Amino acid sequence: MKKFKRPLTYLFLSIATLISIYPFFWMIVSMTNESVDVTQGRQLPGTHLFENLSKLFDQVDMVTALTNSAIIAIASTFLTLLIASLAGYGFQMYRSKGKDIVFNILLLSMMIPFASIMVPLYRLFGKISQTAPFLGIDTLTAAFLPTITTAFFIFFFKQNTKMFPKDLIEAGRIDGLSEIGIFFRIYVPTMKTTYAAAAIIAFMNSWNNFLWPLVVLQSPDKQTIPLLISNLGSSYAPDYGMIMSAITIATLPTALVFFFMQKHFVAGMMGSVKG
Amino acid sequence: MKQLMKKNNIGWLFIIVSVIAIGMFYFYPMFDALLLSFQSGMGANLEYVGFGNWSRLFNDPTFIQALINTTTYLMVQVPIMIVLALFFSVLLNDETLKFRGFFRTAIFLPAVTSLVAYSVIFKYMFSGDGIVNQLLINLNLIDVPIAFLSDGFWAKIVIIVAITWRWTGYNMIFYLSALQNIDKSIYEAARIDGASSFQQFLKITVPMLKPIILFTTITSTIGTLQIFDEVVNITNGGPGNSTISISQYIYDLSFKYTPNFGYAATVSYVIVILVIILSVIQFKVAGDKE
Amino acid sequence: MKKVLGVLVTLLLLITLAACGGSEDEDTSGDNGGEGTESDGPTEVTAWAWDPNFNIRALELAEEAYDGETELDLEIIENAQDDIVQRLNTGLSSGTTQGMPNIVLIEDYRAQSFLQSYPEAFYPLTDYINPDDFASYKVEATSFDGENYGLPFDSGVTGLYVRTDYLEEAGYTVEDVTDITWSEYIEIGKDVKEATGYNMITMDPNDFGLVRMMLQSAGSWYFEEDGSTPNLEGNPALREAFEVHKAMMEADIVRLHSDWSQFVGGFNSGDVASVPTGNWITPSVKAEESQAGNWAVVPQPRLEVDGGTTASNLGGSSWYVLNTDGKEAAAEFLANTFGSNEEFYTTLVEEIGALGTYTPGTQGEAFEAGDEFFDGQSIIQDFSNWTEEIPPVNYGMHTYAIDDILVVEMQHYLDGRSLDEALSNAQDQAETQLR
């Protein structure tokens, strides 16, 4: 029985791997082909890699877009982790009836489709622009401000905090640390893996975000990567080799972040799933 | 007592930033959208119409089609994905398995792609002369290419396959992490009692994972109910309206047609209501008080 | 305790400020521009458009050609068309003019929708242009309430691109496909398929472009002349378009595609024998260099209803000026270039093959030059002749909404529902939806 099951397991996993990876293969292959070949679904690597890349970097401002996306993704990941972990810690460690109710209300916000609040949100930023132009429409800050606080991450940290040993807190109090001190000196270092897992998800969300940056960012020097890719496809005669190159480059950072942090990631996820 | 009160207040300070931010960036616009749902008109020329938008919903064939499609995606895709993710996580939880890390990475990898990028690639794969048709023809499974994207039935299948591809690995990671929290001795004991692998799965794994299954089911439900990028980029709602989703219809009403933000807001409230109902049902079914 | 909290709050503020600081630096250039109208320097004018090789390039050429009195600093912002529509709607509906451009390109089908949804938002160009200088169908599409709001730009004049080698193989010449009806087109298609094995046409069942082409060629549209009363059920041109569509499917001469790249792939790979569409497809056809000499362009086939012609339009857009600071300068810029400069239109043809709808600007060598790819045919000249024959129609406000209704009914019709029922259903839906 056992001998029979093993090959089957490998077979299943290999098929799943193949299906998972094939689209990446095609994406990379298309990066080396010219537009005509891409539209005809060519599966073999071509010789146009250099041409596609040079077109991409000559014709569009890839560097600015990458820089903007990086600034937005890093700033928003950092702030997301800070705000959500404070809240998750607060909700779990200082539980009270009132806080539980507030927490449940916050969870409701996960259910709002973004498309429906986009226009009101834009109007809000229009008002913000008048008093604080550096936070208003067409600033990088505006591109991540509404998306850094999400119920999902608060929930995530609240769940993880459940397995944080209370004795550590008591020990901290005895040592004379303030409540905030306990959070930054004890909680944060202990929960490293949780932060890593959250960071990966937050980074990927922010890097790939499209709809909100689209409406709130307008100048070309504020463009992010997803916006740039969307523009590339809008031409009467789009160049698909170039578009595929852009997509591949856009996928790289998220893939790298995952590769380098995946050990912490898996470990970090463990906390969130401990009932 | 005083000490306790003070502690309680400090607790509020930890959460205040989140409460303000979510209130400002979610609930305030949501309230604005609620007001909008009682107004109608083109672009900036809005006027109050009472419940006019709400009654219009039930006579709107496109809305009804979008509602049916979205619930179809939900009922078919979420269970398939959850079961697949569980299945893979159990396979990968075996510590004696070779290349575990490799398989895990490979299956998770789709989750790093942007929604737009992967949708575009799936459209190519399932086009008339795309790789999927070529493969099926070479395997002699079919003679003529299947019109995956221009047939209402197949187009829905492609969307479901695409979402499953993108999110199975993501959910698998949650289960995999949870499995590592389960004490190995429980399985050991079950094995001694003569329980088969399948029995172990049903009697131990699933109950132990119940909270996380519930969590992933709810987040997947929310995600699928709001599905937008995949539909727009793979089929653009077609053929006919046979794959249009509620979010796409909201988008069309706001940006593709002459904008009617009032009616669009009404349609989006349908999603909010649906999510709330489904979450309550899922909690009830799971019987979890958390 | 309070101290620590103070520290925390300060920290949060600092982080936020630091994050903003980064963006603030980059802000300066943009901000100065917005307020620059009153200063002494050149007036800053921003323009939104899509398609780098076409519209954006045209703007750049216009900037070079501009010789007006006001000194201008033109900032061109490139975005996908859907993205522009979305931004305009979000911005205009929220009443925030901040971040909005001075000049924006809008597709003609959507023009009335914008003009009527945001009546105060656009600046009339009536005093800046002479409408008689432009193709009449363009002027009709860009005007509202007696004012010209749009400066007509590119022509979406249609033609039938044919593979001469495939036709020849089936025993037809280019003359045989010139000035034909759609029924004749289908018959030829069957012969071509039999002789060569290739389909006659590639079609996206979700895209009603072909039906719209047919409608306008017969001087008809989805609406009565008021642009808002749906005219579907009793519309002879629409009936015939539906019948032609079904006949094509039944004749089995259609290759199906589901997006732009597959559409382009259809003719680049040599899978189809003809492409009836707008002239803007030319660069994509020419992209497959190995097919040089095997293509010709003839007028599109016509419907057999009263008033059926072989001239029509698909797509095409025009420039609009928003009612914000700097509108006079923006209008002046457009009038000076796209609105009156004949030489500039020659440059447009030479540099990017862009065909305008400014009648005085459609003569000269650039137009007569033969194109080797099309076996020496002067396709620009042909297209510009056909442009003048396009019947004007009122696109109304809801073209895309009706499109989506009809796509569904077409599906039912192909599946066996009667034409009367399909169109009357469509009519009912349109009336409820557009009330």
Side-chain angles (χ1 to χ4, degrees), chain A residues 9 12-13 16-17 19-21 23-24 26-27 41 43 83-84 86-87 89-91 93-94 96 99 102 106 109-113 115-117 119-121 123-124 145-146 148-149 151-152 154 179 204 208 210 226 229-230 247 250-251 254-255 258-259 262 265-266 269-270 272-275, chain B residues 7-8 10-11 14-15 17-19 21-22 25-30 32-33 88 91 97 103 105-110 112-118 121-122 124-125 127 129-131 165 169 173-174 176-178 180-181 211-212 222 226 228 247 250-251 254 261 264-265 268 271-272 275-276:
Chain A
T9 303
F12 271 129
L13 290 175
T17 302
I19 294 174
S20 292
I21 291 192
F24 292 92
W26 192 72
M27 182 173 89
Q43 300 291 323
I83 295 173
L86 276 171
Y89 180 83
F91 278 121
M93 284 300 169
Y94 302 92
S96 68
K99 286 193 206 76
V102 171
L106 292 193
S109 68
M110 273 170 78
M111 298 163 187
I112 307 170
S116 61
I117 56 168
V119 170
L121 204 55
R123 215 177 294 169
L124 177 69
L145 213 48
I148 46 177
T149 319
F152 177 86
I154 298 175
E179 298 294 307
M204 290 193 298
N208 293 331
F210 176 69
I229 292 176
S230 169
I247 290 182
T251 312
T254 47
F258 175 70
F259 277 127
Q262 68 163 315
F265 183 57
V266 176
M269 298 294 274
M270 273 171 72
S272 70
V273 296
K274 208 167 195 176
Chain B
K7 232 187 97 184
N8 193 18
I10 292 169
F14 275 97
I15 60 182
V17 180
S18 302
V19 172
I22 291 189
F25 296 128
Y26 288 87
F27 289 112
Y28 166 73
M30 195 185 174
D32 222 7
F88 287 136
L91 290 185
L97 196 76
F103 285 131
T105 309
I107 295 173
F108 179 81
L109 206 55
V112 308
T113 57
S114 81
L115 298 183
V116 178
Y118 98 83
I121 291 168
F122 264 75
Y124 284 105
M125 287 168 49
S127 69
D129 38 17
I131 183 84
W165 179 83
I173 293 281
F174 283 88
L176 208 52
S177 317
Q180 290 172 9
N181 285 333
I212 188 64
I222 295 172
Q226 300 184 8
F228 175 76
S247 278
I250 295 171
Y251 179 91
S254 315
F261 295 110
S268 55
I271 297 194
V272 176
V275 173
I276 294 175

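Below, chain A is the first sequence line, B the second, and so on; all start at residue 1. This is a predicted model, so every value here is computed, not measured.
- Only the side chain of A/M204 comes within contact range of chain B, judged by heavy atoms closer than 4.5 Å.
- For B/A33, the parts lying near chain A are the backbone and the side chain together; criterion is any non-hydrogen pair under 4.5 Å.
- A donor-acceptor pair under 3.5 Å is absent between the side-chain atoms of A/T17 and the main chain of B/A106, judged by distance alone.
- Residues A/T251 and B/V112 have side chains in contact (heavy-atom distance under 4.5 Å, counting atoms from C-beta outward).
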Before giving the answer on side chain to side chain contact (heavy atoms under 4.5 Å, CB included), spell out for B/V19 and A/V102 the whole-Å C-alpha distance, their side-chain angles and the decisive distance to 0.1 Å. CA-CA 8 Å; B/V19 172; A/V102 171; 3.8 Å; yes
Assess whether side chain to side chain contact (heavy atoms under 4.5 Å, CB included) is satisfied between B/F25 and A/T149, documenting all intermediate values. CA-CA 9 Å; B/F25 296 128; A/T149 319; 5.6 Å; no
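- Chain A forms more heavy-atom pairs under 4.5 Å with one residue of B/A117, B/P110, B/S254, B/G169 than with any other, namely B/P110.
- Contact annotation for B/F108: only side-chain heavy atoms (C-beta onward) come within less than 4.5 Å of a heavy atom of chain A.
- For B/F88 against A/A16, the heavy-atom pair with the smallest separation is CZ-CB, 3.5 Å.
- Only the side chain of B/I250 comes within contact range of chain A, judged by heavy atoms closer than 4.5 Å.
- Contacts of B/M125 with chain A are made by side-chain atoms alone, with heavy-atom separations under 4.5 Å and no backbone atom involved.
- A/I247 touches chain B through its side chain: at least one heavy atom from C-beta onward sits under 4.5 Å away, while N, CA, C and O do not.
- Heavy-atom distances place both the backbone and the side chain of B/L109 under 4.5 Å from chain A.
- Taking the six-membered ring for Trp and thresholds of 30 and 60 degrees, B/W165 and A/F24 have ring planes inclined between 30 and 60 degrees apart.
- Scanning both residues, B/F122 and A/P23, for their nearest heavy atoms gives CE1-CG, 4.3 Å.
- Expressed to the nearest 0.5 Å, how far CE of A/M110 lies from OH of B/Y26 amounts to 10.0 Å.
- Residue contact with chain B, scored on non-hydrogen atoms closer than 4.5 Å, involves the backbone and the side chain of A/L121 alike.
- Across A/A151 and B/I22, no two heavy atoms sit closer than the pair N-CD1, 3.9 Å.
- Rounding to the nearest 0.5 angstrom, the gap separating the CD1 atom in A/I83 from the CD1 atom in B/I15 is 13.5 Å.
- Taken from CD1 in A/I117 to OH in B/Y28, the straight-line distance is 12.0 Å, to the nearest 0.5 Å.
- Most heavy-atom pairs under 4.5 Å with chain B, from the set A/I148, A/I154, A/L106: that is A/L106.
- Taking the side chain as every heavy atom from C-beta outward, B/D32 and A/L124 never approach each other to under 4.5 Å.
- The side-chain heavy atoms of A/F258 and B/T105, taken from C-beta on, include a pair separated by under 4.5 Å.
- The parts of A/F91 that come within reach of chain B are both its backbone and its side chain, each placing non-hydrogen atoms under 4.5 angstrom from that chain.
- The closest side-chain heavy-atom distance from B/L97 to A/T9 is below 4.5 Å.
- Of all the listed residues (A/G90, A/S20, A/P120), the one sharing the greatest number of non-hydrogen pairs under 4.5 Å with chain B is A/S20.
- Top candidate by heavy-atom pairs under 4.5 Å with chain A, chosen from B/L115, B/I271, B/I131, B/T113, is B/I131.
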